[in-house]
Amino acid sequence: MTTISFRTEELLVGGEWRTAAGGAMLPVEDPSTGETFAAIARGSAADVDAAVGAAHAAREGDWGRLAAFERGRLLAALGRAVLAAAEELAALEVRDVGKPLTQARADVTALARYLEFYAGAADKLHGETIPFLAGYTVYTLREPHGVTGHIIPWNYPMQIVGRSVGAALAAGNAVVIKPAEEASLTTLAFARLAAAAGFPAGAINVVPGLGEEAGAALAAHPGVQHVSFTGSVEVGVAVQAAAARHVAPVTLELGGKSPQLVFDDADLETALPVLVRAGLQNAGQTCSASSRLLVQRGAYARVVEALAARYRALRAGPAQLDLDLGPVISATQRQRIVALTEAGLRDGVPVIARGQVVADAPVGGHYVAPLLLGPLDPGHALAQQEVFGPVQVVLPFDDEDQAVALANGTRFGLVAGVWTRDAGRQQRLAQRLRAGQVFLNDYGAAGGVELPFGGVGWSGHGREKGMEALYGFTTVKTVAARHR
Ligand code: NAD
């Protein structure tokens, strides 16, 4: 087994590990216990500036000179290093983010898959020749933006680093990563592995710190030529505005209120476990969580009864116990979830069923018992706002038109799932649903590294995952040559 040896309180600039300018640090909390167990660097605008400078130097130097297949080779080596260190990375994530071990292991596997995918794609990304006027040869060059900034949330640090940084590097960009202040450890470990795998100094820089300090400085830095942001709508809007001041393109992966539509003819045996899992994975702290279940009237009573039985069997507890749910990330996040759901209960939204928090869960941990609610007014906050916790709502519908109106009836549009045996309806709904991904008789497709992912409306814009991400991390230059 690899041993990733690193001091958590250092950041990485131009191949050099050092403390933040001024030596500032932030505590690292274990969400399962509430105890502080480490510290990370509190990067400042000065650290971000140094990191952006180092990234530009790498683009001009060793990193920029590599052939596409050589970048692919490095990504492949990094993928192997991640797999060799899988248990260590998973253990770090269990402690830092409170993920049950099975989920943490799945995140490591996904990180490795992104690296493998983009390793293979690096030398298959090319321009085109374009038929044009007689006497011309016209072609396009697909070029990296240059230096890309990556602002990462705490909910899936490894997966989101994999999908955004993996694609950006494959395309030839040098990157500056700002991990979330609540969850920086696996990103720092990832950067250690990358250096050992042979990435030149400055190709990957990591500046942990607060969003309003290091994150804001990265989004606003005029040397950053593309910003990839995953997180809340509010911060995404601020990041886009900051990047607009130096006219940098932005990819925004924001939240959702993603529905699954269950028709009377659905294969319920297949659907039921997915309906619950897609809402509660990672304690519901998933941008693509299916937090709304829309069920046709004829199946409603049966589906609700079966969901309730599943909910009553669910248990939340310390991440190390690897139960159905771990804690949520922080006391703040827990209070937000509790406030939103209690407001709903006061408004009379009925509780269908509740899971449990295990009796011996540490009192300082941030546990929330999973909660199934409904039916409720489709305009209610719990049917419209992202809770980002283990809460799902159920709403009945009568026919296809009403199902579509409900499904499309929020400002978000990230993912939708449709459960029906009717082939015509499947295709009609694939076209009518407003979402970046539509799953027919499934939801999420096991993460789908190869499948373009992103939102419409308030869920964001731009696509990550699959080949689409590579297009987003490049720009097209047209070359038109006139000759005789
Ligand atoms: P957040 O928006 O507060 O933070 C995300 C990242 O942005 C963190 O790294 C944070 O430090 C940074 N940040 C905070 N303020 C900033 C600022 N002013 N300028 C620049 N960067 C700043 O979100 P969160 O609390 O980490 O995550 C929860 C939210 O993110 C949820 O709403 C969820 O839906 C969304 N999310 C979406 C996706 C997706 O892929 N669509 C994935 C994960 C999370």
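Ligands are counted one by one from 1 in listed order, and the atoms in each one are counted from 1 as well. Below, each value reflects all heavy atoms present in this structure, side chains not excepted, and no hydrogens, waters or symmetry copies.
- Checking A216, A238, P179 against atom 19 (N) of ligand 1, the nearest heavy atom belongs to A216.
- Side chains of Q356 and Y367: a donor-acceptor N/O pair is absent below 3.5 angstrom, by distance only.
- The ligand atoms of ligand 1 that sit less than 4.0 angstrom from a heavy atom of G215 are 19 (N), 20 (C), 21 (N).
- With atom 13 (N) of ligand 1 as the reference point, the heavy atom nearest to it among G211, G436, P157 is part of G211.
- Remark: the Q103 side chain and the N282 side chain contain no N/O donor-acceptor pair separated by less than 3.5 Å.
- Polar contact with ligand 1: present for K178 (N/O pair, distance under 3.5 Å).
- Atoms of ligand 1 lying under 4.0 Å from any heavy atom of N155, numbered from 1 in the order shown and given with element: 42 (C), 43 (C), 44 (C).
- Using modelled atom types and a 3.5 Å distance limit, the side chains of E213 and S44 yield no donor-acceptor pair.
- A parallel orientation is assigned to the rings of H145 and H226, their planes being inclined by less than 30° (bins at 30° and 60°).
- Residues Q385 and H380 bring no donor and acceptor atom of their side chains to less than 3.5 Å of each other.
- Of the candidates W154, Y156, F453, F388, the one placing a heavy atom closest to atom 25 (O) of ligand 1 is W154.
- Of all protein heavy atoms, the one closest to atom 38 (C) of ligand 1 is C287 CB, 2.8 Å.
- A side-chain donor from one of Q240 and H461 sits under 3.5 Å from a side-chain acceptor of the other.
- Taking the six-membered ring where tryptophan is involved, the planes of Y118 and Y114 are essentially parallel, since the angle between them stays under 30° and well short of 60°.
- Within 6.0 Å of the CZ atom in R432, the count of heavy atoms belonging to other residues, nucleotides or ligands exceeds 12.
- For L254, a nitrogen or oxygen atom sits less than 3.5 Å from a nitrogen or oxygen atom of ligand 1, counting backbone and side chain alike.
- Near G255, with a cut-off below 4.0 Å to any heavy atom, the atoms of ligand 1 are 34 (O).
- A donor-acceptor pair shorter than 3.5 Å cannot be found between the side chains of S330 and E182.
- Of the candidates G231, A217, S232, it is S232 that places a heavy atom closest to atom 3 (O) of ligand 1.
- Selection from Q159, R163, E386 by nearest heavy atom to atom 31 (C) of ligand 1 gives E386.
- In terms of N/O distances under 3.5 Å, ligand 1 is approached by E181.
- The nearest protein atom to atom 5 (C) of ligand 1, hydrogens excluded, is given as T230 O, 3.7 Å; this is a heavy-atom distance.
- A donor-acceptor contact closer than 3.5 angstrom is absent between the side chains of T410 and Q384.
- Here the heavy atom of the protein found nearest to atom 12 (C) of ligand 1 is I151 CG2, 3.6 Å.
- At least one N or O atom of I152 sits closer than 3.5 Å to an N or O atom of ligand 1.
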